[in-house]
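Computation of the quantities below employed the complete heavy-atom set of this structure, encompassing side-chain atoms and omitting hydrogens, waters and symmetry-equivalent molecules. Lettering of chains follows the sequences in order, A, B, ..., and the numbering in each one begins at 1.
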Number of protein chains: 2
Amino acid sequence: MEDQDIRNAGLKVTAPRVKILELLENSEQQHVSAEDVYKMLLAANEDIGLATVYRVLTQFEEAGLVEKHHFEDGYSVYELNKGKHHDHIVCVTCGRVKEFVDETIETRQQKIADEMGFQISEHELVIYGKCVDDDCDLKP
Amino acid sequence: MEDQDIRNAGLKVTAPRVKILELLENSEQQHVSAEDVYKMLLAANEDIGLATVYRVLTQFEEAGLVEKHHFEDGYSVYELNKGKHHDHIVCVTCGRVKEFVDETIETRQQKIADEMGFQISEHELVIYGKCVDDDCDLKP
DNA sequence: AGCGTTAATGCAAAAGCTTCTCATCTATTG
DNA sequence: CAATAGATGAGAAGCTTTTGCATTAACGCT
């Protein structure tokens, strides 16, 4: 039950938090902006303010429930943290985001950080390119 | 002569452009924000507006003279394009930015993009961590 | 169930970074 | 040196995100 996730984060189980978490779990696109979430809530006739969306997403991030990414768009996107780390590949035309994991890259990064005397807290690798999907020209 | 770089970019050789390019070439830190550039210009008694700084940096980026990066700060930083691609490792405490190149990671990325049917236009890898510099606690 | 405490919410205002508007000024070319 | 296309500065405006504050709701205790 996701209510427990919210409680575990030290947060009260409120309607906005439950709705937003549900939404993240059920949404088509796994990478959504605060504005996206807000619009989905409006569409679902939920009376939740944009400020609350931002606050809740930030709290979820601090609690490790979601991850926040900055692609080259000028806004942040959030995705449910499903436990397994992965990197992203973003289509510059249609905006689709896909995920990948590469162990070689992971180990090389660790090695580089070691050599340079850095203790990694996190890392973000994003590849931008043009995808080959037939309908790439239109936004999804 | 850097005037020629500006001319080659199809831009008129004006005082703001020359000053900003000089500044990027001579600055201590190679990664600077628009605000940084603006402050440096003020310090050098140059009467150049912030809007112009943004415009010029954008034009330089389009011309390939500088590269723009988005670290996890909410603002963009620019650096002179010295031709050789590299990735970044950023200290989350003191803000220092270092560069690295790893051929293994580069080739793996290409392979991943190929497999996923993406034609890479660019990519951005940033490692965040804590560096071991003695004076890491203080901002540089 | 009801109450008190403390946190959470909605709204509007504000804050940060970046872009735009527009009147004025300047580099370039002949 | 004049004409012209482009560049500039200042301020306004645009976007995303955060904050202040009065109101409301959740939780623990009885």
J.: Consider only side-chain heavy atoms of I, L, V, M, F, W and Y, link residues closer than 4.5 Å, and tell whether V90(A) and L80(A) are in one cluster.
T.: no
J.: Whether the side chain of S27(A) engages the backbone of L24(A) through a donor-acceptor N/O pair (distance < 3.5 Å, no angle test) should be reported.
T.: no
J.: Hey, which sits more toward the 5' end of DNA chain C by its nearest nucleotide, K12(B) or Y54(B)?
T.: Y54(B)
J.: Classify the side-chain pair E67(B)/H85(B) by whether it contains a donor and acceptor separated by less than 3.5 Å.
T.: no
J.: Is there a residue in residues 59-77 of chain B whose heavy atoms reach under 4.0 Å of DNA chain D, and which residues are they?
T.: none
J.: Of the nucleotides dC11(C), dT21(C), dT9(C), which has the atom closest to the P16(A) side chain?
T.: dT9(C)
J.: Can E106(B) and H123(B) be counted as having a side-chain donor-acceptor contact under 3.5 angstrom?
T.: yes
J.: Between P on dA7(C) and CG on L11(A), what's the gap in Å once rounded to a whole number?
T.: 12 Å
J.: For R17(B) and dT26(C), give me the distance from atom CZ to atom P, rounded to whole Å.
T.: 14 Å
J.: Counting only heavy atoms and a strict 4.0 angstrom limit, can you tell me which residues of residues 3-10 of chain A come near DNA chain D?
T.: R7(A)
J.: Report yes or no: do H69(B) and E79(B) form a side-chain donor-acceptor pair below 3.5 Å?
T.: yes
J.: Between which nucleotides of DNA chain D, 5' to 3', does chain A make heavy-atom contacts below 4.0 Å?
T.: dT16(D) to dC27(D)
J.: Quiz question: by atom type and distance under 3.5 Å, do the side chains of N26(A) and E22(A) form a donor-acceptor pair?
T.: no
J.: At under 4.0 Å between heavy atoms, what does T52(B) touch on the DNA or RNA strands: base, sugar-phosphate, or nothing?
T.: base
J.: Could you tell me the separation between the CD atom of E61(A) and the NZ atom of K68(A), rounded to the nearest 0.5 Å?
T.: 5.5 Å
J.: Output yes when a side-chain donor or acceptor of T52(B) lies under 3.5 Å from a complementary backbone atom of I48(B), and no otherwise.
T.: no
J.: Distance check, rounded to the nearest 0.5 Å: C131(A) atom SG versus F118(B) atom CZ?
T.: 5.0 Å
J.: When the distance from NZ of K19(A) to P of dG10(C) is rounded to whole Å, what number comes out?
T.: 13 Å
J.: Tell me which of Y38(A) and A51(B) sits closer to the 5' end of DNA chain C, going by the nucleotide each one is nearest to.
T.: Y38(A)
J.: Would H88(B) and F71(B) count as a close aromatic pair, with their ring centres under 6.0 Å?
T.: yes
J.: Whole-Å distance between dC17(C) C1' and R55(B) CZ?
T.: 16 Å
J.: Testing the 3.5 Å rule here: is there a donor-acceptor pair between the side chains of R17(B) and Q59(B)?
T.: yes
